[in-house]
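The structure appears right after this line, and notes come after that.
Nothing here was measured: the structure is a model prediction, and the numbers come from that model. Position 1 is the first residue of the sequence, and the numbers go up from there. Numbering of ligands and ligand atoms starts at 1, following listing order.
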Amino acid sequence: MTDRFDFIREEVAALKRAGLYINLRTIDSPPGPWMDVDGKRVLNLCTNNYLGLATDTRLIQAAHDALDRFGAGPTAVRSIAGTLTIHTDLEHRVAEFKGVEDALYVQSGFCANQAAIAPLVGKEDVIFSDRLKHASIIDGCRLSRAKIIVFEHRDPVDLEAKVKEHLPNYRRGMVITDGVFSMDGDVAPLDGICEVAERHGLISMVDDAHGEGVLGHGGRGIVDHFGLHGRIDLEIGTFSKAFGVVGGVIAGKKVVVDYLRQRARPFLFSNAVTAADAAACLAAVDVLSDSTELVDRLWQNTHTFKAEMERLGFNIGCSTTPITPVMLGEAQLAQQFSRRLFESGVFAMAIGFPTVPRGLARIRVMVSAMLGKSDLDYGLAKFAEVGRELGVV
Ligand SMILES: *Cc1c(COP(=O)(O)O)cnc(C)c1O
């Protein structure tokens with residue numbers, strides 16, 4: 001049978017041949033250190049629950065209480081009848097935690113990038129952004145219809161050269177980078193980028209999705225890590241990773257954040273996040289404000305895991321964060337490695353094109369504070385076993 005969807009069948013067959021077809025695994029348990037995945041109990045080395053907050057009783061209790069108090073859903077967009085006191089409480093607390101003037105809570109980190117960019121730059125403007133930026137930043141930039149100029153990965157010198165060349169041709173300029181790059185785990189040189197932005201009067205924005213709860217004092221993020229308080233105009237964040245819940249945040253100068261309340265389309269045209277989610281986010285901010293214990297444990301586990309993987313002979317790239325890419329090259333090998341790990345009780349996903357460039361397929365291990373010593377030992381032993389079996393080490 002041939003019909004107008006043959007192009008899809010051909011495309012899917014090609015993905016499968018290349019080892020790039022995504023097979024969804026389904027989880028039937030909380031995202032703890034061990035999870036029930038496709039009916040099998042496995043060690044969890046691939047969720048973004050860096051600090052274990054998704055299963056923290058304080059967050060769960062806060063969500064229960066908010067559900068009882070506010071109901072299941074706000075049933076309105078924020079700008080009409082969907083702004084609950086819990087949303088504004090969260091915005092105040094997160095602004096205080098991050099040391100910024102104001103913050104806006106939106107549906108997700110992805111939405112935050114759709115929300116923040118287009119109101120600030122348009123057709124007559126230019127955006128300078130890192131070559132390896134996240135898909136949600138790419139889409140956010142495209143929505144603005146500004147000219148997009150790519151600078152080389154983590155390279156403020158190249159950024160400045162491109163700013164000098166292109167900025168004079170446009171009305172306004174903006175620079176956007178990821179804080180922590182999610183597939184390689186390396187960190188943007190935000191100090192250097194900030195200096196270029198200041199020298200040339202650019203609006204500056206960092207997407208700190210993988211830095212919040214991880215970098216900086218007690219997880220206050222990349223701006224805190226570099227001591228750049230008040231010098232970066234916008235910090236994009238997510239509550240779906242280290243904070244263990246869901247939702248995005250745009251934090252920064254009051255004049256900008258307030259303007260986004262007037263102009264950001266996901267804020268104006270899509271329903272508010274539920275009270276239960278917002279309350280759990282608020283509890284997560286409280287937990288991190290009270291103690292650095294979880295963040296400290298995350299970094300201890302990260303150092304232990306990385307040192308041992310290197311000793312075993314794996315190429316773990318150039319990450320300086322808990323994200324640990326185990327570089328394997330071909331997508332088929334990465335998929336086979338991930339499958340063998342799963343059979344031996346370790347859940348760590350293979351990542352290939354287009355999420356990472358062709359030929360740079362990998363297993364991406366996410367180290368977390370949830371893992372005890374015996375969990376780390378188990379994971380490392382299985383990596384060693386499968387690595388030897390497949391001739392990687
Ligand atoms: C994960 C991620 C996002 C998306 O965050 P969600 O809250 O899951 O939508 C945005 N930007 C970067 C850099 C990310 O890593």
- Task: State the atoms of ligand 1, each with its element, that fall below the 4.0 Å cut-off from a heavy-atom position in Ala209.
- Result: 2 (C), 11 (N), 12 (C), 13 (C), 14 (C), 15 (O)
- Item | Distance from atom 11 (N) of ligand 1 to nearest protein heavy atom, with residue and atom | Asp207 OD2, 2.6 Å
- Task: Check whether the side chains of Asp277 and Thr274 place a donor and an acceptor atom closer than 3.5 Å, and report yes or no.
- Result: yes
- Task: Identify, with sequence neighbours excluded, every residue that meets side chain to side chain contact (heavy atoms under 4.5 Å, CB included) alongside Glu91.
- Result: Arg78, Thr88, Leu104, Tyr105, Arg261
- Donor-acceptor pair between Asp207 and Asn113 side chains, under 3.5 angstrom: yes
- Item | Ligand-residue contact atoms, ligand 1 with His210, heavy atoms, under 4.0 Å | 15 (O)
- Check each atom of ligand 1 against the heavy atoms of Ser136 and keep those under 4.0 Å away; list them by number with element. 10 (C), 11 (N)
- Return a yes/no value for Thr238: is any of its N or O atoms, backbone included, closer than 3.5 angstrom to an N or O of ligand 1? yes
- Do you see a donor-acceptor pair shorter than 3.5 Å between the side chains of Asp38 and Thr26? yes
- Specify side chain, backbone, both or neither for Ser240, according to which of its non-hydrogen atoms lie closer than 4.0 Å to ligand 1. side chain
- Note on the structure: of all protein heavy atoms, closest to atom 6 (P) of ligand 1 is Gly109 N, 3.4 Å
- Message: List ligand 1 atoms under 4.0 Å from Phe110, heavy atoms only on the residue side.
- Response: 4 (C), 5 (O), 6 (P), 9 (O)
- Message: Do Ser144 and Lys123 pair up side chain to side chain, a donor and an acceptor below 3.5 Å, judged on atom types alone?
- Response: no
- For ligand 1, find out whether one of its N or O atoms is nearer than 3.5 Å to an N or O atom of Val180. no
- Exactly one of Ile117, Ile138, Asp178, Ile148 clears side-chain contact (heavy atoms from CB on, under 4.5 Å) with Ser129, and that residue is Ile148
- Task: Look at atom 2 (C) of ligand 1 and find which of Lys133, Lys241, Met183, Gln107 reaches it with the closest heavy atom.
- Result: Lys241
- Please could you name the atoms of ligand 1 that Asp178 approaches to less than 4.0 Å, counting only its heavy atoms? 13 (C)
- Task: Scan side-chain atoms only and decide if Asp130 and His153 contain a donor-acceptor pair under the 3.5 Å cut-off.
- Result: yes
- Query: What residues, two or more places apart in sequence or in another chain, satisfy salt bridge (charged side-chain N to carboxylate O under 4.0 Å, His left out) together with Asp296?
  - Reply: none
- Interfacing atoms of ligand 1 (cut-off 4.0 Å, heavy-atom, Ser182): 15 (O)
